[in-house]
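Lettering of chains follows the sequences in order, A, B, ..., and the numbering in each one begins at 1.
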Amino acid sequence: MGLSGAEYERILGLMGREPNYLELSLFSVMWSEHCGYKNSRPLLRRFPNEGPRVLQGPGENAGVVSLGDGWALAFKMESHNHPSAVEPYEGAATGVGGIIRDILAMGARPVALLDSLRFGPLDEERNRYLFREVVRGIGGYGNAVGVPTVGGEVEFSPAYSGNPLVNAMCVGLIRVDDLMRSRATGEGNAVVLLGSKTGRDGIHGATFASDELTEESESKRSNVQVGDPFAEKMLIECCLELLGQDLLVSLQDLGAAGITSSASEMAAGGGVGIDIEVEKVPRREAGMEPWEVMISESQERMLAVVEPERVEEALALAERYGIGGTVVGRVAGHGDLRVVDNGEVVGTVSAEHLADAPAYEREVLRPAYLDEVQKFEVAEIPEPGDYNEVLLSILSHPNLRSRRSIYNQYDHQVGTNTVVLPGADAAVMRIKGTRRGFAVTTDGRGRHCYLDPRGGGAATVAEAYRNLSCVGAEPVAVTDCLNFGSPEKPAGYYQLAECIEGMSEACEVFGTPVVSGNVSLFNETDRGPIYPTPTVGMVGVFEDVGRHATPGFKRGGDMVVVIGGSSRVSLAGSEYAEIVHGRVAGRPPGPDLASEKKTADLVREMVRSGLVDTAHDVSGGGEIVAVAEMALAGGLGIEYEEGELERMTEGQGGGRRDVALFGESGDTFLVAVPQERWEELEDALSRAAGYDLIGTVGGDRIRVGDAIDLKLSDLRRAHEQDLFGIPGEVVGGSEAVG
Amino acid sequence: MPETLKVRVLVRPKEGILDPQGEAVRGALPALGFGGVKTVHIGRLIEMEVESAAEVDAMCRRLLSNPTIEEYEWEVVS
Amino acid sequence: MPETLKVRVLVRPKEGILDPQGEAVRGALPALGFGGVKTVHIGRLIEMEVESAAEVDAMCRRLLSNPTIEEYEWEVVS
Amino acid sequence: MRVGVTVFPGSNCDRDALYAVERMGEEPVELWHAEADLKGVDAVIVPGGFSYGDYLRPGAIARFAGVMGPLEEFANGGGPVLGVCNGFQVLCEAHLLPGALLQNTHMRFVCDRVRVRVETANTPWTAGCEGGEELTLPVAHNEGNFFADAETLARLEDEDRVVLRYVGNPNGSANDIAGVCSEGRNVVGLMPHPERVSDPALGSDEGLKILRSVLVGATL
Ligand SMILES: Nc1ncnc2c1ncn2[C@@H]1O[C@H](COP(=O)(O)OP(=O)(O)O)[C@@H](O)[C@H]1O
Ligand SMILES: [Mg+2]
C-alpha cells in the first residue's frame, strides 16, 4: 500500500489500535507524498508567503491575491506527470480538470489556464507521441470546458525522455466578499456530493503518483482516469450558481484520494468531524467496496456542505444543470472522518491524524556531479563560421521554435477577456466592466537548475518577473510546481532544497510571495532522474490594462534599445552551447536579484507611463534571438547600428561574436520607441544600469554588421515550423501576434 | 493481384473506464423523446481492406486501439 | 421488469465523404511495418441496451447518424 | 431590439454572445435550452461551445432541446437567426441550414485569426457590410470543415448563399466556405466568431459589423 513499516507503527501509535483495511487505505492515500508532502513539507516552510495583497496563502485549494476594487485572483499550479506518462491524452486532460476544480473550490470563476510541459527530444517516436497527445488532451479538455488556455511553456531535453512533465495552472476571478474556504461547520449540516458518479478510477492513484515509473507501473491500467469536460463544465456552472445563491457553507474539490481527502480536509479545516454514509454515493460500477468508494479518484466531483433547510434547493439546482447531487453524509460533533455503510460503522479515523503525515528531513549534501558539469571554458567551443546558419538552426530548434503550433490548438480567446494572446512574454487578461487586468506567465529552467540548483531556482522566478514586467504588469505573487527526482537520493534532496532556497531568495527580493503550489517527486525512470525542474506561475496586475506592451516591432523607424547589465552574458548553460555544440555545461551566472528587479521595474514603468509599447526580455538564445522574435512577431526587420557588432564583441563578448550574440544573462531587456520619443526614453533610462541603442526597425531583413543578414521570410520558415512535424503542414494563416 | 479481405474492428472503452460520451447521450435521451434506453456505450468502428488477416491483431493492439483504456474485437466480414 | 435487448449500431462516413482519420491511419501503417492495407475507414460504434427495438431505427436516423454525411446499420445482438 | 442567445448544456460562448449584444447597444436575453420559449426576442444567436460535450457529433443532441421547437418556428417564419461555430453545427443538424461540418482535414483544433470575404450583404447578418469586403475574424473549432454534396454546393453558389469565404482556408472547407445562409436568407451559420471581436479593448470590433447588421434589417 505504499506505507513503510515505521509509518505503520506511527499509525498504530496515533490510533491506539490496529486499523482495519479501510482505515489503512485512508492513511495510505493521505500519507502519500502527493497528499502528505512527507519529503517536502519542512523545505516548503522556507517559501515566503505573506504580503499586502495576499488574501489566502498556502493551505487552501488555491492561493488568493487582491487586485484592488474588491477583485481577487485565485490561482494554483499542479502536476499530472505520472498519469500523463502512462496515458498522455487523458492524463493531461484530467490534470486540467483537476486544477480547474481547485480554483472553483475557492468560489472563483476559472478564467485562464496555462500549461508548463517537458518532454524528451522529438526525434524519439515515444516522445513525439507523448507531446502530441498531451497537447491534444489539454486542448481537448480546456477548449470544451470553455476556459481559455492563454499561456504556458515547453522544453525538450533527454532528461525528460519517458518522464514528461505536465503542469497545469488555472487562474480564477472572484469578488473578495465571495471567497469560499474548505471548512466544514455546523453540526448536522448535510455533506453533498456533486457531479459524476464514482467508479474505480485511480484507486491508489495518489500512491502511484509517488512511485518511480517502472515497466510494471505501465501495466497498472486501472489507474487511468478519463476526463469528461462536459460534466466539468456543468459542474462549474452549477457550483457558481449555488455560490451565487448563497446555498453553500463550504465547497471542496475531489482530487487525489477522493472523498477521503476532501472530507478530512473540510473536517480538519472546520475543527469538526464528518460522517460519510458510503452506500449513498452514486456508483458507476457494481460491487464496489466502501474503501474503494472512499479513495476513488473519479473526476468531475465536488463536495459541499449545505444547511439542512437548503438541501432541497441545492439539489434542484444540480438537477437543472443535469449533474448528480446526493446527500452522502453529515457534519458531526466528533473530530473524526467516520465511514458508515448501511448503518454500520466500517471505519473511524481522526481527521487530524490523517493530516499528520510523517515528515522526513534529510541532510543537504552537495552532490559530486556538480563539479563535473560546472566545468566549462568558452575556449572549448569553436567559433562558428556562418552566423546566418547558426541563427536559423537555433530559431528552428524545438526549444526556441515558435509555439504557435501548440497554442493554436488551444482556444485562447473564449471568454472574450484575452487582451494579449499567446506568443508574447505573458498573457494579458482584462476584467470586464473595469479598466483593470492581470497578466500571467509560467516559467521553468530545468537545465539551469541542473547545473546550479540554487541559481537556477532564483533564475526561474526572475524569468517570470521579467516576463510580467515586459508586458507592463506589476508582479504580485507566485504559485509553483516542484518537479524533482527522488528525494531519497542525496542529489535529489539537494536539488530540491537548493532550488527552494534560490526561489525563496528571489521571491523575497521581488516581493512576490508563494501562495500555492504542488510537489511532484520521484520523477525518475530507468534512464535516471529528470532535471530538477521547479516551475513557477506568476501573476501581475494592471490598473489600466490598456497600457501594456508586446514584443512585436510596430513601426518602421523605431529605435531599438537594449537595457540592462549585460556585462555578464555567458555561454555557460546556454541554448547556443547545447543546440549548436551539444554542451550542457558550465555554471550560468546566478541572477543579481537586486539589479534584476531594478531593471525590470524600470521597463515596467516605461510601459505603464505609455512611453513604451514594444518590449521583450533577453532569454534563451541571447540578444539576437530576442531581436529576431521581435522582428518576426511584428513582421518588420531591423538594421543594427554601424559598429554595434564590434562594440558588443569587444565589450560583453570578450572578443567573441558568438558570446555577444547568443550569450545569456539575466536582467536584459529590449524596447523600441519612435524617434520622436528618444529624448523621453533617454531621460527614463538615466536610472538604468546600462543601455545601448542597437538599431532601427524597418525593412524585411535582420542585419547585424557583417555577421548576420537574413530575410524575415527565411527566418519565419525556420522559426514557425510545425512542432508536431506533419510534413508539408502549414500552421496558421495570419501573422504572429506581437 | 492478391484478393482483399474486409475486416471490421470494434473498439470500445474498457470495462470500468468512464465513457463520457455514452453517459451524456444516455442522459440526454429521455428529454429528446427517446425512452426505454438503459445504457449507451460509444466506441469506434474501423473497417479495412487488407491483403491478409495475419497482422490485424497486431494492428489493433498497436495502432487502432489504445490498450490502456480500450478493448477491441475484430472479424473478417468478407 | 421488461427484458432488455442489446443493440449494436454501426455508423460510417458515406461513400465519397472525406475521412481524414481513416486516411491518417492508413498512411501511418507502413511506417509501423504493417503492409498490405488497402483502405481504412473510421466510423462510430454505438452499443445500447433498450427495452424494445421499435424505436432504434428512428434513433439511428434522427440522432445517432447524420444522413448528410453518414450511413448506418444496426442489429440486435442479444 | 431584444436579441436572444440560446444556452445549451456545454455552450461556452453564450456569455460572450450576451456581452456582444450589450456591445451592440441592444438588450440580451438568455434562452435556456430546456424552455420552449423564445421570450419574444427579435433575433436569436446560437452561440459556440461544445453543446452536450460535442459527444456523438457536434450539435447532434442540442438540436432536440426544448428551445429548438420555437426556434425552428421563428426561423421558418423569417426571423433572423445566427449560428456561430457550434451554433452553426446545431443549425445544420436541425436542417435549418444545408450541409454538415466535418472534422478539420488536418485533424487538429484550430484557434486563429483568419481573413474572410463577405460574399453577400443580402442577409440580415451581413446587411451592414459591403459585399466583397474583407474582415479578420477569430476561429476556434475542431469540426469546421463545411461539407455539402456537389448539387447543394452548386445551389449555394448559384443562389448567392455563401455568406463568408475564407481567404486562407483553415480547415479544408468545400469552396473555402466559412458561412452560409438558408433559402429564406434569414438563418446564417458562420464558423468564425464575430462576438470575439466586438470590443476595441481586445484589439478589434470588426465583428460588430456582422452583429449590428441585424439592426439594419430591422429598420427596413
Ligand atoms: N510547492 C509548494 N509551494 C507552496 N505551497 C504548496 C506547495 N505545494 C503544496 N502547497 C500548498 O499545500 C496545500 C496542499 O496542496 P495540495 O494537496 O496539492 O492541494 P489540493 O489538495 O487542493 O490539490 C495547498 O494549499 C498548496 O497550495
Ligand atoms: Mg484541492
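Residue A:Leu421 holds its CG atom at 4.5 Å from CZ of D:Arg113, rounded to the nearest 0.5 Å. The distance from the SG atom of D:Cys111 to the OH atom of A:Tyr407 is 10.5 Å, given to the nearest 0.5 Å. For the atom pair D:Asn12 CG and A:Asn143 CG, the distance stands at 8.5 Å (nearest 0.5 Å). Rounding to the nearest 0.5 Å gives a distance of 8.5 Å between OH of D:Tyr52 and CE of A:Met234. The line from CZ of D:Phe50 to CZ of A:Phe230 is 12.5 Å long, rounded to the nearest 0.5 Å.
Environment of CZ in A:Arg435: sparse, with no more than 12 heavy atoms of neighbouring residues, nucleotides or ligands closer than 6.0 Å. Remark: A:Arg109 CZ is packed, more than 12 non-hydrogen atoms of other residues, nucleotides or ligands lying under 6.0 Å away. Counted within 6.0 Å of CD on D:Glu35, heavy atoms from surrounding residues, nucleotides or ligands total more than 12; the atom is thus considered enclosed. The neighbour count for A:Glu241 CD, taken as heavy atoms of other residues, nucleotides or ligands under 6.0 Å away, is above 12.
The contact between A:Val145 and chain D is made entirely by backbone atoms, counting heavy-atom distances below 4.5 Å. For A:Arg136, no part lies near chain D; criterion is any non-hydrogen pair under 4.5 Å. Contact of D:Thr136 with chain A is not made at all, since no heavy-atom distance falls under 4.5 Å. Looking at A:Asp228, the atoms closer than 4.5 Å to chain D (heavy atoms on both sides) sit in the backbone and in the side chain alike.
The side-chain heavy atoms of A:Thr418 and D:Leu202, taken from C-beta on, include no pair separated by under 4.5 Å. Annotation: side chain of A:Gln409 is not in contact with side chain of D:Val110 (no heavy-atom distance under 4.5 Å). Taking 4.5 Å as the limit, some side-chain heavy atom of A:Asp411 sits within range of a side-chain heavy atom of D:Arg196. Between A:Glu237 and D:Pro9 the shortest side-chain heavy-atom distance does not fall below 4.5 Å.
Using a cutoff of 4.0 Å between basic side-chain nitrogens and carboxylate oxygens, A:Arg430 and D:Asp199 are scored as salt-bridged.
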Please determine whether side-chain contact (heavy atoms from CB on, under 4.5 Å) holds for the pair D:Arg108 and A:Ser405, giving the CA-CA distance in whole Å, both sets of side-chain angles, and the decisive distance to 0.1 Å. CA-CA 10 Å; D:Arg108 284 197 215 166; A:Ser405 54; 4.0 Å; yes
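A:Tyr321 and D:Trp32 have perpendicular rings, their planes meeting at more than 60° on a 0 to 90° scale where under 30° would count as parallel.
In this structure, A:Lys432 is positioned above the aromatic face of D:Tyr19, its NZ or CZ under 6.0 Å from the six-membered ring centre and within 45° of the axis.
Ranked by heavy-atom pairs under 4.5 Å with chain A, the first of D:Gly49, D:Pro170, D:Gly168, D:Pro138 is D:Pro138. No other option in A:Gly139, A:Gly146, A:Ala231 has as many heavy-atom pairs under 4.5 Å with chain D as A:Gly146.
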